[in-house]
Number of protein chains: 2
Amino acid sequence: MKEDRCLELGRQLCFPLYAASREVVRKYKPFLDELGLTYTQYIVMLVLWEEGKISMQELGNRLYLDSGTLTPLLVKLEEKGLVEKARNEKDVREIIVSVTDKGVGLKVQAREIPGKIGKCLNISVIEAVQLKKILNKILE
Amino acid sequence: MKEDRCLELGRQLCFPLYAASREVVRKYKPFLDELGLTYTQYIVMLVLWEEGKISMQELGNRLYLDSGTLTPLLVKLEEKGLVEKARNEKDVREIIVSVTDKGVGLKVQAREIPGKIGKCLNISVIEAVQLKKILNKILE
DNA sequence: TTGGAATTAATTGTGTACAATTAGTTTATT
DNA sequence: AATAAACTAATTGTACACAATTAATTCCAA
């Protein structure tokens, strides 16, 4: 039987993907703590800052998250006064999530974050572009 | 005030990292289900297949996980009969984790997995090499 | 050598992820 | 219109992640 080098941790592609993802989320933490947001709550806010309002369905599609994750998370954002939920009158099964004035206000503080994170990651702009392109290919 | 395009989801680097990581772990699931392992349990087994035995501390360093994650996870692997825990006689604070015969036996089934995952990811070998290199730079 | 600092794994508590199920609503077919 | 199929968010249950604390042990400096 041949050697099983293929199972060595150092040979895996997905392990650095998994580890780097957690590492980068960790880097966000001090900045997000100032906003009182977790990373997942932050990406929900990113979508809402961009769209203003969005159905829960569409929100899940954008973030690759399901109702099991989003339902309790939106409850927390609602408790913080950052978002509001309403039923779609045309189809009451649908929940429409919209950002509140307070939620919009938080955007000002958030604006600094992407730049700060960029400085933390010790990769070049070229590598960042390459990385993003490959990751999006995986997601496609 | 200038436009805040920097907060658009499509401009983020870390979001595709986070999303792709979860996506790839999802791809493992059907294969790992056959072994009765979760993804995190699988990477612990990767280390143990490679090392035979390792201290909990070192295991955490390799996987970027702490005792809060590892302690309950190792209990589950122990219940499955795949690993054993023992105290280091020289320093009883230290836990030494070692793979059992049954654990080693599982390696045979696992050997197929990296190849199967490779086929699922629709990226080229060159892109995979690039990706791994950049991710390791982030982790370094 | 002894008492404080450091180390280690376990514990506790919060917040995701996600599979699977449920309950209510809408759509489509007869 | 009646009913089956499809759809939607909520719920339930399991398993991470990780910060913070705890308890036991070891190290180290006076």
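Since the model is a prediction, treat every value here as computed from it, not as a measurement. A, B, ... follow the sequence lines: proteins, then strands. Residue 1 opens every chain.
- Across all their heavy atoms, Pro114(B) and Cys6(A) have their closest contact at CG-O, 3.7 Å.
- Atom OH in Tyr42(B) sits roughly 18 Å away from atom C1' in dC16(D) (whole-Å rounding).
- When all heavy atoms of Leu70(A) and Met56(A) are compared, the pair lying nearest together is CB-CE, 3.7 Å.
- Spacing between atom CD of Glu78(A) and atom C1' of dA10(D) amounts to 14 Å, rounded to whole angstrom units.
- Closest-nucleotide positions on DNA chain D for Asp91(B) and Leu65(B) were compared, and the one nearer the 5' end corresponds to Leu65(B).
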Under 3.5 Å, side-chain donor or acceptor atoms of residues 43-55 of chain A against the rest of the protein: list the pairs with distances, not counting sequence neighbours.
| residue | atom | partner | partner atom | Å |
| --- | --- | --- | --- | --- |
| Trp49(A) | NE1 | Gly103(A) | O | 2.8 |
| Glu50(A) | OE1 | Leu9(B) | N | 3.0 |
| Glu51(A) | OE2 | Arg62(A) | NH1 | 2.9 |
| Ser55(A) | OG | Glu58(A) | N | 3.1 |

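- Rounded to whole Å, the distance from NZ on Lys85(A) to C1' on dA10(D) is 9 Å.
- The shortest non-hydrogen separation linking Cys120(B) to Lys27(B) is CB-CD, 3.6 Å.
- Arg22(B) places a side-chain N or O within 3.5 Å of a backbone atom of Tyr64(A) that can act as its donor or acceptor partner.
- For the segment residues 25-34 of chain B, the set of residues with a heavy atom within less than 4.0 Å of an atom of DNA chain C comprises Arg26(B), Lys29(B), in numerical order.
- Evaluation of the side-chain contact (heavy atoms from CB on, under 4.5 Å) rule for Val75(A) yields Glu79(A), Lys85(A) as partners, not counting sequence neighbours.
- At distances below 3.5 Å, not a single donor-acceptor pair connects side-chain atoms of Glu23(B) with backbone N or O atoms of Tyr18(B).
- Residue Val24(A) comes nearest to Cys14(B) through the heavy atom pair CG1-CB, 3.6 Å, listed as atom of the first residue, atom of the second, then distance.
- In terms of modelled atom types and a separation under 3.5 Å, the side chain of Lys137(B) and the main chain of Glu127(A) share no donor-acceptor contact.
- Note that the CD1 atom of Ile96(A) and the CG atom of Asn88(A) stand 5.0 Å from one another [nearest 0.5 Å].
- Counting to the nearest Å, the C1' atom of dA9(D) and the CD1 atom of Ile96(A) are 12 Å from each other.
- Straight-line distance from the CG atom of Leu70(B) to the P atom of dA19(D): 14 Å, rounded to whole Å.
- Each of Asp66(A) and Gln41(A) lies near DNA chain C, and the nucleotide nearest Gln41(A) is the one positioned closer to the 5' end.
- One interatomic measurement links the two molecules: CG of Leu77(B) to P of dT14(D), which rounds to 18 Å at whole-angstrom precision.
- Each of Leu73(B) and Ser67(B) was assigned the nucleotide of DNA chain D with the nearest heavy atom; the assignment lying further toward the 5' end belongs to Leu73(B).
- End-to-end axis angle of the helix from dT1(C)-dA30(D) to dT30(C)-dA1(D), using five pairs per end and rounding to 10°, comes to 10°.
- Along DNA chain C, the stretch of nucleotides lying under 4.0 Å from any heavy atom of chain A spans, 5' to 3', dG15(C) to dT26(C).
- For the pair Glu94(B) CD and dC27(D) C1', the computed distance is 14 Å after rounding to whole Å.
- Rounded to an integer number of Å, the gap from Met56(B) CE to dA24(D) P is 17 Å.
- Residue-to-nucleotide contacts include a donor-acceptor pair under 3.5 Å from the side chain of Arg93(B) to the base of dT25(D).
- Contacts of Asn122(A) classified as side chain to side chain donor-acceptor pair (under 3.5 Å), with partners at least two apart in sequence or in another chain: Glu140(B).
- Judged purely by atom type and a 3.5 angstrom limit, Asp66(B) uses its side chain to pair as donor or acceptor with the backbone of Thr69(B).
- In this structure, Thr69(B) reaches the bases: a heavy-atom distance under 4.0 Å links it to at least one base atom across the strands shown.
- In this structure, Thr38(B) reaches the dC16(D) phosphate: one of its side-chain N or O atoms is under 4.0 Å from OP1 or OP2.
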